[in-house]
Structures are given as structure tokens and as C-alpha cells.
Amino acid sequence: MAQPKTGQYFDAAPESEDKRRTISVTLAGRHVDVVTSSGVFSPGHVDTGTAVLLRKMVAPPEGDVVDVGCGWGPIALTMAMMNPEARVWAVDVNPRSVELTAHNAKTLGLSNVNAVLASDIPSEQRFKQIWSNPPIRIGKPALHDLLTLWLGRLEVDGDAFMVVQKNLGADSLVAWLNSDQGPSQGNSGLLHTSKVGSAKGFRVLRTVRSSGS
Ligand SMILES: C[S@@+](CC[C@H](N)C(=O)[O-])C[C@H]1O[C@@H](n2cnc3c(N)ncnc32)[C@H](O)[C@@H]1O
């Protein structure tokens, strides 16, 4: 008997059919058409958590910034529109997401977006800012590894903004991020996370990397 297709949006190789469609959305105050597909996160609209994060944000700084887990690209595209001087890296484990973000950036004329597989980022690359709606559903150990990796790539004085659903453990995530078991330990104890916003059942978290001096 054939196996059911069980691909999840966060799989590196989603098995679901690649049904593309064009949707109209508003990003950075601009009405735009973007292409999405089955097998990527929130293909029909800008996710509520993502919208909560984007409403909170001001333009990213110029230089290297990153959207961790880009999906079809709402966060990366917004960053790129808000500051043409930002070099926006958009990363995902799902090649379909990377391809869609690259396609959408090109269609919108955003030459400052660089969409790549997370594994293709050079390990020495550092970022001034991270924006992310992280993949909470990959489970705690994998999420902790992911956050330790990316928060460790923040430049000194850089910061990360993440949106997390309250019901999916936003408050316990903050506690872990600031705990002895959290990513600060592998990063010289210089990361501090706080809640900077809250709406529609989501928390916006900010992690700051300090120099320690
Ligand atoms: C909650 S979705 C957010 C997608 C998009 N940023 C948005 O706001 O619509 C999280 C994304 O993280 C991706 N992801 C899962 N594991 C990852 C990993 N280890 N590294 C990078 N991205 C990952 C998923 O494929 C998914 O696209």
C-alpha cells in the first residue's frame, strides 16, 4: 500500500504537491502579489504571529540582517522594503521556501534579498539583526539548537526579534533563553532576552547581544 504523504512545512524535503498560487498581501505598507505554495508555512495569508511581529518593527539597520525560517518570505521581503541598504539573508531548511522567497524578492525588485538554505550560510557570517517567526513545532530540543546557533551569530550590540505564541510556550522560552542552560552559556553569557510586545496571543521577544564590558 502507498504511504500517506506526511510532509510538514518545516521538512527539508516536503512531499506535498507543489501547488503554486498568487496571493495579494500588504507588506511594509505596500500592496503586493506574491507566490506561495502548498508545503510551506501559511500559504494563504500573512500568519497572525508574523503580522504581530511586523507591526512592532522599525526598519532594520544597513548591513547583514537575517530572517531565520523565511517560508515564502513575508518577513525578509518586509525587511528589504523597509531598508534598501540592509543586506537581507532569508534562510530556511525547506528548499521550496527558499525558492519562493527568492522568486518573490525578484518579482518585487528587491535586489537586497539573498535567499539560501540555512546550511549554506558560511559559519563565520555574523548579523546585526535577526527577525524570526521561529519553527516552534520542530520540538524543544531542535528549537533550542536552532536558537543557540543563530543567536550565536549576532554581532556585538546586535539584536534578535522573535514572535512566539503564548500557548506554545513563549514565557518558558524566555526563561530558558536567560537560564544557565540557555544559549548565553555557549556565547560567553552575553545574551539577554525580554518581552517587548504582546498581541493576539503572541509575544514579541527581543534578545540583545552585549559586549560584556
Ligand atoms: C513558523 S514558520 C515562519 C515562516 C515565515 N517566516 C512566515 O512568517 O510566514 C517557520 C519556518 O522555519 C523553517 N525552519 C524549520 N527548521 C528550520 C531550521 N533548522 N533552520 C531554518 N529554518 C527552519 C520552516 O521550514 C518554516 O518555513
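Note that ligands are numbered from 1 as they come in the structure, with each ligand's atoms numbered from 1 the same way.
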Legend entry - Under 3.5 Å side-chain donor-acceptor pair for W89 and D64: yes
Inset, instruction - With heavy atoms of L146 as the reference, note each atom of ligand 1 found under 4.0 Å away. - result: 18 (C), 19 (N), 20 (N)
Inset, instruction - List in chain and number order the residues that pass ring pair (Phe, Tyr, Trp, His ring centres under 6.0 Å) with H144, two or more places apart in sequence or in another chain; answer none if no residue qualifies. - result: W176
Legend entry - Those residues that, when tested against D159, pass salt bridge (charged side-chain N to carboxylate O under 4.0 Å, His left out) (two or more places apart): R206
Inset, instruction - Ignoring hydrogens and angles, tell me if any N or O in the side chain of T101 forms a donor-acceptor pair with the backbone of A115 under 3.5 Å. - result: no
Legend entry - Any side-chain donor near an acceptor of the partner, D33 and T22, under 3.5 Å: no
Legend entry - For I75, atoms of ligand 1 separated by under 4.0 Å from a heavy atom: 6 (N), 8 (O)
Legend entry - C70, portion touching ligand 1 at heavy-atom distance under 4.0 Å: backbone
Legend entry - Sub-3.5 Å N/O-N/O distance, D92 and ligand 1: yes
Inset, instruction - Would you mind running through ligand 1 and noting each atom that sits below 4.0 Å from a heavy atom of T50? - result: 7 (C), 8 (O), 9 (O)
Inset, instruction - Would you check, one step at a time, whether the test salt bridge (charged side-chain N to carboxylate O under 4.0 Å, His left out) holds for R153 with E124? - result: CA-CA 8 Å; R153 289 175 169 168; E124 66 283 4; over 6 Å; no
Inset, instruction - Return yes or no for this condition: an N or O of G69 is under 3.5 Å from an N or O of ligand 1. - result: yes
Legend entry - Heavy-atom gap P74 to ligand 1 smaller than 4.0 Å: yes
